[in-house]
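These notes concern the structure reproduced below.
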2 protein chains.
Amino acid sequence: MSATVINYHGAMSRWPSNPRGRLQQAAMELFTEHGYDQTTVAGIAERAGLTERTFFRHFSDKREVLFFGGEQLEAMMVAALRSAPPEATPLGAIEAALSAVTEFFDERHPLSQARQVIIDAHPELQEREGAKMDRIAGALTEALRARGVPDPDARLTADAGIAVFRSAFAQWVRSDVGDMSACIEECLATLEKVIEQGR
Amino acid sequence: MSATVINYHGAMSRWPSNPRGRLQQAAMELFTEHGYDQTTVAGIAERAGLTERTFFRHFSDKREVLFFGGEQLEAMMVAALRSAPPEATPLGAIEAALSAVTEFFDERHPLSQARQVIIDAHPELQEREGAKMDRIAGALTEALRARGVPDPDARLTADAGIAVFRSAFAQWVRSDVGDMSACIEECLATLEKVIEQGR
DNA sequence: GCCATTGATGACAGTTGCTGACATCAATCA
DNA sequence: TGATTGATGTCAGCAACTGTCATCAATGGC
């Protein structure tokens with residue numbers, strides 16, 4: 001049943017070939033060992049048994065190797081939002097989207113922590129992370145519009161939801177227990193509190 | 001009284017030398033004429049009568065030439081937040097910060113529109129814009145903490161405020177009238193509505 | 001079993017963003 | 001007048017990224 005094989009490059013891996021995964025693994029290792037700046041794409045490719053050119057066939061740029069998979073997250077959230085009951089409020093639908101990914105994160109707590117250490121040390125990576133969040137916010141906005149939520153309500157609700165997600169994630173990734181849904185709930189309640197407290 | 005002078009490079013400008021301004025102007029022109037990708041830093045520098053090396057002495061990278069001045073915006077917002085009355089609520093203080101920059105924008109409506117056309121066409125520029133917003137959100141968070149607002153309240157309020165700002169800006173920059181404070185007020189009211197509407 | 005096609009990769013050259021190091025020159029000041 | 005300072009020019013070089021073509025394993029019709 002084990003899928004360990006020898007491919008035609010002589011490399012051994014859990015799944016046949018899987019060059020993208022090998023590149024991601026190699027990148028994480030090198031970023032952790034020597035830092036992001038000190039790591040070259042050529043170095044990552046070499047450790048993965050591939051060439052620099054192939055790296056750029058799998059990832060649009062050097063940063064992307066750390067963020068690949070964000071589309072999956074986006075898809076999960078959008079799907080959850082779509083399957084929320086039609087009578088749900090915009091904020092309720094957003095809450096459903098956030099809740100849909102807590103399990104995904106709880107299963108990857110150590111990996112997320114290692115990743116965050118790298119990102120926190122490099123502004124260009126934080127920039128990319130923000131861009132990914134913006135992308136998700138845009139997708140959620142679109143999904144809310146599809147539910148009949150007008151503008152600017154849709155965008156503001158989605159952005160507020162992403163703000164909750166970011167605060168919750170920051171809290172979750174720092175903690176050791178790793179209960180993402182509790183963090184979401186707390187941050188969402190906090191947002192409601194500061195808004196209802198008024199200006 | 002006019003400050004037009006001939007500097008030692010033979011260049012003429014409204015203010016003596018002002019290399020940074022010349023580079024920004026040249027960049028805006030070239031980005032608009034030929035697009036961001038097709039414009040090289042060497043080309044910008046040449047049009048400004050300077051060298052590529054000097055460009056990078058004034059701007060940390062190619063994108064930054066479009067975003068220089070963001071620190072000024074951040075400073076204005078932080079100052080306004082600081083001078084808000086101590087009894088103001090977190091959201092009220094954030095509203096003061098947003099209101100403090102509406103005039104600044106209203107005075108630069110056409111320039112903002114031209115800039116936005118360029119940014120909208122290039123994901124890497126949108127990424128930088130998001131990073132600038134994140135930076136401001138961080139500064140506002142810190143300023144709220146200094147007022148005694150705890151975490152995660154401070155971060156969430158600041159992020160919500162930036163979300164309002166972004167929606168308001170998008171609306172303002174698309175419009176022809178250019179009344180930023182009205183856009184801020186509308187978006188803030190919308191945010192309050194969608195939150196108070198509940199989950 | 002053979003061959004054409006397809007998809008992923010390697011090889012290689014080239015452009016551009018960006019940096020370090022040193023030289024130059026005008027302005028300033030002791 | 002001469003030393004210093006700050007901004008710029010010059011030049012070499014690295015690394016990110018791209019276009020192009022060759023290679024080769026796998027696939028599928030015959």
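In the text below, chain A, chain B and the rest are named by the order of the sequence lines, each starting its count at 1.
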task: May I ask you to verify if any side-chain N or O of A:Thr54 is less than 4.0 angstrom from the OP1 or OP2 atom of C:dT9?
output: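 Answer is no, no contact under 4.0 Å.
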message: Taking 4.0 Å as the cut-off, does a side-chain nitrogen or oxygen of B:His58 come that near to OP1 or OP2 on D:dT8?
response: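 It does, given that an N or O in the side chain of B:His58 lies less than 4.0 Å from OP1 or OP2 of D:dT8.
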query: How would you list, by chain and number, every residue that makes a side chain to side chain donor-acceptor pair (under 3.5 Å) with B:Ser181, sequence neighbours excluded?
result: B:Asp179
query: Does the ring of B:Phe67 carry B:Arg115 above it, NZ/CZ under 6.0 angstrom from centre and within 45° of its axis?
result: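 Yes - B:Arg115 lies over the ring of B:Phe67, closer than 6.0 Å to its centre and within 45° of its axis.
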Figure out the [atom1]/[atom2] separation between [X] and [N], and round it to whole Å.
X: A:Glu46; N: C:dT9; atom1: CD; atom2: P; answer: 17 Å
X: B:Asn18; N: D:dT8; atom1: CG; atom2: P; answer: 10 Å
X: A:Leu50; N: C:dA11; atom1: CG; atom2: P; answer: 11 Å
X: A:Arg63; N: D:dA15; atom1: CZ; atom2: C1'; answer: 14 Å
X: B:Phe55; N: D:dA7; atom1: CZ; atom2: P; answer: 18 Å

When the side chains of residues 158-167 of chain B are checked against the rest of the protein, which donor-acceptor pairs come out under 3.5 Å, sequence neighbours left out?
from, atom 1, to, atom 2, distance (Å)
B:Asp159, OD1, B:Arg155, NH2, 3.4
B:Arg166, NH2, A:Asp134, OD2, 2.9

Taking side-chain hydrogen bond (donor to acceptor under 3.5 Å, both in side chains) as the cut-off, I'd like each qualifying pair that reaches into [range], sequence neighbours left out, listed once.
range: residues 100-111 of chain A; value: A:Asp106-A:Trp172
range: residues 34-46 of chain A; value: none
range: residues 71-90 of chain B; value: B:Glu74-B:Arg135
range: residues 48-57 of chain B; value: B:Thr51-B:Thr54

query: Along nucleotides 12-17 of chain C, 5' to 3', which nucleotides get a B, which get an S, and which get a -, given that the test is a protein heavy-atom distance under 4.0 Å?
result: B----S
task: In plain terms, say whether A:Lys132 and A:Glu129 are close enough for a salt bridge, that is, a side-chain N and a carboxylate O under 4.0 Å apart.
output: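 No, A:Lys132 and A:Glu129 are not salt-bridged.
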message: What I want to check is whether an N or O donor and acceptor connect the side chain of A:Arg57 with the base of C:dG7 at under 3.5 Å.
response: no
message: Which residues in residues 26-35 of chain A have a heavy atom closer than 4.0 Å to any atom of DNA chain D?
response: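 Listed by number, there are none.
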Without placing hydrogens or testing angles, list every side-chain donor-acceptor pair under 3.5 Å for residues 182-191 of chain A, not counting sequence neighbours.
from, atom 1, to, atom 2, distance (Å)
A:Glu185, OE1, B:Arg199, NH1, 3.0
A:Glu186, OE1, A:Gln171, NE2, 2.8
A:Thr190, OG1, A:Glu186, O, 2.8

